[in-house]
Amino acid sequence: MSEEYDFDVAIVGAGPAGIAAALTLARAGIETVVLERGQYPGSKNVSGAALYGPVLHELVPNYWEDDKSFERYLTTKKISLLSESRSVTIDADLRNFSQPPYNGVTVIRPKFDRWLAEKAEEAGAMILPDTMVEDLVWKEKQVVGVKSGEEELKAKLIIIAEGANSLLVEKANLMKKPKPKHYALGMKETYELSSKKIEERFHLSENEGISNEILGHTKGIPGGGFYYTNKETVSFGLILNMDVLTKKKLEAPDVFEEFKNHSYISKLLKDAKMVEYSAHIIPEGGFKHMPKLYGNGVLVAGDAAGMVLNAGLYIEGINFALESGRIAGESAIEILKSNKFNKSGTKLYKKNLKKSFAYKDLKTFRRASHFLENKHMFTTVPDLLTVLMEKLLRNDGKPRKRIVMTAIGHILRKTPLWGMFKLLLGAVRSL
Amino acid sequence: MKILVYGQIRDNLLEENLLGILNKLSEVFQGSEIYAAILGSQINNEWTGELGKHGVKKVYTVEAPELENYLSRPYVKSMLEIIEKAEPTLVMAAGTVFGEDLIPRLAVHHGVSCAQRVVNITLEGEDILFHTPVRDDQAMKITKIEGVIKFATSRTGAFFENENPSGSAPEIEKVEISFDADDMVVKHVEVRKAERTVNLKDAKLIVAGGRGVGGKDNFQILKDLAELLGGEIGATRACTDVHWIEETYEIGQTGQSVSPDIYIAAGISGAPQHLSGVKAKTFIAINTDEGAPILKYADYGIIGDLLVILPLLKKKLE
Amino acid sequence: MKIIVFIDQIVSTQVKLQGVDYFDPSKVNEDDLVINPTSKNAIEGALKLKDSLEATVTAVCVRGLKPIKALREAIAMGCTDAIEIADEILYTEDPLLLAKIYVDVLEKFGDFDLVFLGVEEQSTSSYAVGAMLAEKLGLPSVLYAEEMETIDSGFQVGHVLEGGRNIVTIPKKALISVSDSQYFTPRYTSMRGILTAKRAEIPSWTAADLGLSTGVAGKEAASLQQVSLTNIVIERESYIINEGEPEEMVDKLLAKLKEDEVKLGA
Ligand SMILES: Cc1cc2nc3c(=O)[nH]c(=O)nc-3n(C[C@H](O)[C@H](O)[C@H](O)COP(=O)(O)OP(=O)(O)OC[C@H]3O[C@@H](n4cnc5c(N)ncnc54)[C@H](O)[C@@H]3O)c2cc1C
Ligand SMILES: Cc1cc2nc3c(=O)[nH]c(=O)nc-3n(C[C@H](O)[C@H](O)[C@H](O)COP(=O)(O)OP(=O)(O)OC[C@H]3O[C@@H](n4cnc5c(N)ncnc54)[C@H](O)[C@@H]3O)c2cc1C
Ligand SMILES: Nc1ncnc2c1ncn2[C@@H]1O[C@H](COP(=O)(O)O)[C@@H](O)[C@H]1O
């Protein structure tokens with residue numbers, strides 16, 4: 001390392017993306033620093049969180065052997081639709097998912113991020129907590145460092161991994177100011193429940209977990225709820241589109257309260273003590289609104305790069321963060337070798353990323369957010385499906401067939417046929 | 001049993017907390033003999049008389065120009081000499097800044113520890129038990145001191161004086177001590193006395209502000225509310241230290257003691273040194289931090305920004 | 001000039017503990033361990049001199065479950081180096097014993113000029129260590145300092161006093177206990193500081209290194225014996241409003257005051 005620089009690579013943000021990059025770099029013996037504004041990695045982080053095991057396995061082989069890494073592996077998946085007083089649930093019991101590397105696992109972010117950060121530190125990366133990066137250091141048109149307060153820290157390459165609403169991405173001239181339309185608000189509460197109670201309540205064996213995505217009953221605001229089981233807590237949350245929320249002049253906490261009062265939810269959380277509440281914004285502009293992923297002396301990874309899939313009823317971001325962080329790290333190693341830190345050198349990152357599932361998935365699902373902007377998905381569909389189910393099941397002595405026809409008639413009256421058709425088409429195409 | 005108290009003089013008067021200690025000691029240690037020591041450049045008969053009235057049998061006095069102001073070394077030297085003469089089992093002082101400086105030093109010379117800021121003294125068999133609040137008053141620790149002589153201070157405001165003392169004039173013993181240059185390494189420069197222009201003792205309502213007020217100008221918000229309610233304002237040392245408000249408004253151990261009907265504490269964390277000066281019938285706290293110790297003492301509390309809450313409160317009351 | 005700051009690490013008083021066993025490592029979460037507030041004021045005092053005179057500042061932590069964490073923070077604030085004193089037998093609540101341990105630390109350390117410490121360690125609130133240490137060392141001292149300035153002969157220090165502030169002068173070799181004041185408001189850690197702290201090698205001394213054994217420094221050696229420790233439960237019922245818009249909160253308060261027949265006004 002030349003004297004001019006403090007480190008080869010400086011990474012802003014010790015979330016999954018930043019740490020994945022740091023871990024990759026440190027393993028290759030590259031002098032890496034991660035700057036994190038929180039007291040420790042994960043101290044300020046919020047998410048569900050469920051993530052895909054194989055992606056983690058790729059980064060930390062046999063991660064499951066360390067019981068600090070995850071909470072439960074997911075064997076049950078439910079998707080529920082709620083209306084005023086009814087609910088319909090699809091329940092998939094997927095025992096095939098109970099073998100390592102596990103298809104899905106739940107994690108508690110402050111614990112998980114910290115665990116992952118320790119791995120990076122063991123590999124030789126340096127993590128600086130309590131350090132808020134406020135600006136970039138420029139040398140002509142090249143980014144050569146970061147600024148915190150009056151202080152500067154120089155590095156050949158900067159990886160921006162500061163999560164959603166990244167200021168540095170703007171400062172690096174990689175994106176214009178985003179609109180509220182492109183964000184969702186995620187609220188999350190953690191409930192305490194003994195592992196015995198969790199297993200009884202959700203019909204799970206030891207270490208097995210469930211995830212449930214829930215649609216409807218959000219006052220017509222695009223979004224959805226979820227819960228995941230951890231070892232001794234349940235993560236419960238709701239994601240709401242900010243744009244519609246503001247337009248409807250509704251307060252997110254009110255919508256959340258009403259959502260929780262639905263009998264489907266209140267039963268789940270009965271007698272559980274809420275121990276934590278947090279909220280965080282989530283980029284949901286989708287593929288189209290991703291910033292430029294590289295610049296002179298910078299790479300962007302994770303949420304900062306808009307690499308989140310918000311399918312309305314669930315968000316997937318940790319996978320993408322881990323993957324894009326790892327690829328940013330690998331690309332940085334090559335860039336350092338080539339000694340080309342301007343755009344023509346850093347372009348390599350995008351090239352590598354394009355080959356990964358992360359980029360491809362985001363592209364595949366690019367219509368998802370569009371589809372989710374259709375309000376019927378969050379109001380009419382849950383309403384009708386639940387009504388239909390009720391009518392189908394209720395036996396009050398009348399011939400059934402006729403009732404089904406009434407229900408369908410009900411559907412057609414409420415939604416213009418063409419709209420419904422488009423909706424279905426959209427759903428098929430995007431998911 | 002013999003007990004020796006350090007007779008601190010403050011503003012030409014006996015330290016008021018001392019009278020509380022004397023009352024407590026005669027209650028707990030019935031039949032014991034209480035002695036006192038007064039040090040200074042000139043000793044006033046009124047002080048010794050007052051001590052006698054409150055049950056002190058004998059007063060040791062040391063008069064010397066070096067004792068004009070409290071300084072650790074000459075004071076420790078004098079007290080050690082008096083302890084040797086009086087042979088007490090317990091030595092106590094009021095928990096003032098000087099009392100808390102003196103007592104541990106005396107203890108060191110006797111090879112024992114001490115208990116500072118006790119809020120109660122009890123007996124259990126042969127043992128004297130000292131009760132001291134710890135951890136920002138979250139827990140009460142009871143300790144005893146091993147050794148033939150014990151040292152302690154009381155927390156200011158912990159004990160009440162006897163309203164009808166009936167003691168008589170004490171015996172006086174003058175003690176001569178000589179000091180050399182080595183005793184006077186630390187030099188007294190001056191006391192910057194806080195001007196007491198406003199007396200808060202009789203205020204029925206006080207709107208007090210702490211570091212949370214955030215600046216000089218913001219004190220106007222407190223003044224406006226206090227004026228509307230016909231009360232006074234008050235402040236913590238943190239505020240007078242930075243001159244957001246005149247020192248006269250300081251409340252607590254080193255400020256004024258107050259006993260209003262209503263005390264509104266805004267942006268005050270609730271340090272024991274501050275609270276020891278407040279005895280209010282109704283206590284209202286406004287603080288942004290739900291974990292602030294003051295909320296434990298509050299009858300009513302709002303978790304919020306005082307800069308928002310106080311003006312609203314004023315508006316609604318108008 | 002060589003400055004030593006003795007710092008304490010405590011369980012943050014923000015943490016409301018179940019029971020009072022906050023010295024039991026199994027009950028204490030590492031994140032809740034913080035530098036004792038007035039110890040931070042003391043660090044600031046030492047650092048101000050480091051900035052203005054050519055001084056080195058060594059932070060020493062004897063009291064704490066994880067002293068290294070506190071010491072790294074002290075270095076991140078700007079201390080030159082640090083020494084960890086970690087030994088179970090040294091964990092004492094007796095101020096006299098602690099003062100004795102400090103004396104031994106200073107002896108092993110060698111030459112020093114100024115000693116700084118905070119006025120109060122919040123878990124034991126003994127308010128006595130500074131005075132006892134000064135007395136044991138025979139060092140000129142000022143307690144409860146609120147401001148200080150360098151003068152030819154040493155320092156002029158203002159300290160807390162009932163009804164004002166007392167000003168004294170002390171020589172260059174002295175002990176100062178520091179309280180929470182504007183002058184001693186602790187600085188934040190800096191990026192470079194954290195970097196230095198991460199890389200710093202912090203030597204660790206044990207009781208044996210200090211020539212101390214259980215009989216001399218352990219619990220049995222204490223002259224201040226704890227009889228009991230209980231949480232203080234305040235009986236009064238607090239009506240705390242912690243939710244809602246400011247206006248709602250104020251309305252709620254006024255309504256409740258009315259209900260309780262408390263009249264706001266003198
Ligand atoms: C309620 C909710 C539920 C979610 N559930 C899931 C889920 O179940 N599964 C899933 O895969 N995804 C989920 N997500 C999305 C997921 O949390 C994100 O996609 C993921 O955290 C992105 O990782 P990241 O490393 O890019 O950013 P982050 O995790 O946001 O990390 C960024 C880090 O940078 C730090 N930082 C920010 N700015 C600065 C600065 N200027 N200087 C220094 N440090 C800085 C932050 O403190 C933080 O530690 C959820 C999100 C929310 C809000
Ligand atoms: C020997 C000695 C004697 C002392 N004597 C006294 C004394 O007589 N009187 C005295 O007061 N102190 C005295 N002190 C000092 C005392 O120890 C404390 O340092 C002091 O009382 C703290 O003042 P504070 O509560 O204003 O500040 P802090 O402890 O800093 O508390 C500020 C509070 O304001 C809250 N806050 C911040 N912003 C806002 C906002 N916008 N709205 C609402 N709340 C907000 C914070 O949450 C916090 O709880 C003495 C100290 C010593 C050593
Ligand atoms: N049972 C499961 N098995 C595998 N992956 C799951 C399971 N449940 C949730 N996930 C995924 O974990 C990610 C996190 O989504 P989330 O649900 O709301 O934020 C999504 O990709 C989910 O599909």
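Every chain is numbered from 1 and lettered A, B, ... according to where its sequence line falls, protein lines coming before strand lines.
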Discussion item. Please rank Val227(C), Ile241(C), Ile167(C) by heavy-atom pairs under 4.5 Å with chain B and give me the top one.
Written reply: Ile167(C)

Worksheet item: Which answer fits Ile264(B), side chain, backbone, both or neither, if we ask what part of it has an atom under 4.5 Å from a heavy atom of chain C?
Response: side chain

Worksheet entry | Distance in Å, Ile234(C) CD1 paired with Gln138(B) CD, rounded so as to fall on 0.5 Å steps | 10.0 Å

Fill in: Part of Pro133(B) lying under 4.5 Å from any heavy atom of chain C
both

Worksheet item: Going by atom types alone, do Gln14(C) and Asp289(B) pair a side-chain donor with an acceptor below 3.5 Å?
Response: yes

Discussion item. For chain C, which candidate among Leu317(B), Val186(B), Ile284(B) shows the most heavy-atom pairs at distances under 4.5 Å?
Written reply: Val186(B)

Discussion item. Whether the Glu146(B) and Gln225(C) side chains hold a donor-acceptor pair (N or O, under 3.5 Å, no angle test) is what I'd like checked.
Written reply: no

Discussion item. I need the residue from Glu124(B), Arg73(B), Glu250(B) with the largest number of non-hydrogen atom pairs under 4.5 Å to chain C.
Written reply: Arg73(B)

Worksheet item: Hey, does Glu146(C) have a side-chain heavy atom less than 4.5 Å from the side chain of Arg237(B)?
Response: yes

Fill in: Top contributor to chain C contacts, counting heavy-atom pairs under 4.5 Å, from Asp261(B), Leu129(B), Thr132(B), Asp137(B)
Asp137(B)

Item to complete: Side-chain contact test, heavy atoms from C-beta onward, threshold under 4.5 Å: evaluate it for Leu229(C) versus Met140(B) and give yes or no.
Response: no

Discussion item. Can you confirm whether Lys187(B) sits close enough to Val168(C) that some side-chain heavy atom of one is under 4.5 Å from a side-chain heavy atom of the other?
Written reply: no

Worksheet item: Would you call Arg165(C) and Asp241(B) a salt bridge, using N to O less than 4.0 angstrom?
Response: yes

Fill in: Side-chain touch Glu100(B)/Leu143(C), heavy atoms, less than 4.5 angstrom
no

Fill in: Identified side-chain contact (heavy atoms from CB on, under 4.5 Å) partner of Ile145(B) from the options Asp94(C), Leu224(C), Leu96(C)
Leu224(C)

Item to complete: Check whether Val191(B) gets within reach of chain C through its side chain, its backbone, both or neither, counting any heavy atom under 4.5 Å.
Response: both

Worksheet, complete the sentence: Taken to the nearest 0.5 Å, the spacing of Lys316(B) NZ from Glu247(C) CD works out to 3.5 Å

Fill in: Inter-residue atom distance Leu102(B).CG - Glu135(C).CD, 0.5 Å rounding
9.0 Å

Discussion item. At a 4.5 Å cut-off on heavy atoms, which part of Ala222(C) comes close to chain B: side chain, backbone, both, or neither?
Written reply: backbone

Discussion item. Atom CD of residue position Glu318(B) - does it have more than 12 heavy atoms of other residues, nucleotides or ligands inside 6.0 Å?
Written reply: yes

Worksheet entry | Polar side-chain atom of Ser223(C) near backbone of Ser113(B) as donor-acceptor pair, under 3.5 Å | yes

Worksheet item: Roughly how far, to the nearest 0.5 Å, is the CD atom of Gln226(C) from the NZ atom of Lys144(B)?
Response: 11.5 Å

Item to complete: Go through the atoms of Gln273(B) and report whether side chain, backbone, both or neither lie under 4.5 Å from a heavy atom of chain C.
Response: side chain

Worksheet, complete the sentence: Scored by heavy-atom pairs under 4.5 Å with chain C, the best of Ile309(B), Val112(B), Val97(B), Leu71(B) is Val97(B)

Worksheet item: Taking all atoms of both residues into account, what is the closest heavy-atom pair of Pro104(B) and Ala131(C), and its distance?
Response: CG-CB, 3.7 Å

Practice prompt. Counting only heavy atoms closer than 4.5 Å, note whether Ser177(C) contacts chain B via side chain, backbone, both or neither.
Written response: neither

Discussion item. If I measure from the heavy atoms of chain B, does Glu243(C) come under 4.5 Å with its side chain, its backbone, both, or neither?
Written reply: neither

Discussion item. Counting only non-hydrogen atoms closer than 4.5 Å, does Ala107(B) touch chain C with its backbone (N, CA, C, O), its side chain (CB onward), both, or neither?
Written reply: side chain

Worksheet item: Heavy-atom distance under 4.5 Å to chain B: side chain of Val262(C), backbone, both or neither?
Response: side chain

Worksheet entry | Portion of Leu139(C) that has a non-hydrogen atom of chain B nearer than 4.5 angstrom | backbone

Worksheet item: Side chain, backbone, both or neither: which part of Lys150(B) has a non-hydrogen atom closer than 4.5 Å to chain C?
Response: neither

Item to complete: Please assess Thr124(C) against Lys141(B) for the test side-chain contact (heavy atoms from CB on, under 4.5 Å), listing each intermediate value before the final yes or no.
Response: CA-CA 8 Å; Thr124(C) 54; Lys141(B) 184 154 94 171; 4.1 Å; yes

Discussion item. Between His131(B), Glu247(B), Gln253(B), Lys315(B), who has the most heavy-atom pairs with chain C when the cutoff is under 4.5 Å?
Written reply: Gln253(B)

Fill in: Closest non-hydrogen atom pair between Ser12(C) and Arg135(B), with its separation
O-NH2, 3.4 Å

Worksheet item: Would you call Lys256(C) and Asp299(B) a salt bridge, using N to O less than 4.0 angstrom?
Response: no

Discussion item. Between Arg105(B) and Lys136(C) (side chain of the first, backbone of the second, donor and acceptor by atom type, cut-off under 3.5 Å), is there such a pair?
Written reply: no

Worksheet item: Closest heavy-atom contact between Asn166(C) and Glu190(B)?
Response: OD1-O, 3.4 Å

Worksheet, complete the sentence: Taken to the nearest 0.5 Å, the spacing of Met132(C) CE from His109(B) NE2 works out to 10.5 Å

Worksheet item: Please, which pairs that meet ring-ring contact (aromatic ring centres under 6.0 Å, His included) have at least one residue in residues 288-318 of chain B, sequence neighbours excluded?
Response: none

Worksheet item: Would a 4.5 Å heavy-atom cut-off, applied to side chains only, mark Leu313(B) and Leu254(C) as touching?
Response: yes

Worksheet item: Can you tell me how far CG of Asp136(B) sits from CD1 of Ile232(C), rounded to the nearest 0.5 angstrom?
Response: 10.5 Å

Practice prompt. Return yes if a side-chain donor-acceptor contact under 3.5 Å exists between Arg117(B) and Ser126(C), otherwise no.
Written response: no

Practice prompt. Please state whether the side chain, the backbone, both or neither of Leu161(C) comes within less than 4.5 Å of a heavy atom of chain B.
Written response: both

Worksheet item: Are the side chains of Glu290(B) and Ile240(C) in touch, meaning some heavy atoms are under 4.5 Å apart?
Response: no

Worksheet item: Closest approach of Ile262(B) and Lys263(C), non-hydrogen atoms and distance?
Response: CD1-O, 3.0 Å

Discussion item. How close do Tyr127(C) and Gln116(B) get, counting heavy atoms only, and between which atoms?
Written reply: O-NE2, 2.8 Å

Item to complete: For chain C, find which of His188(B), Lys193(B), Glu195(B) contributes the most heavy-atom pairs closer than 4.5 angstrom.
Response: His188(B)

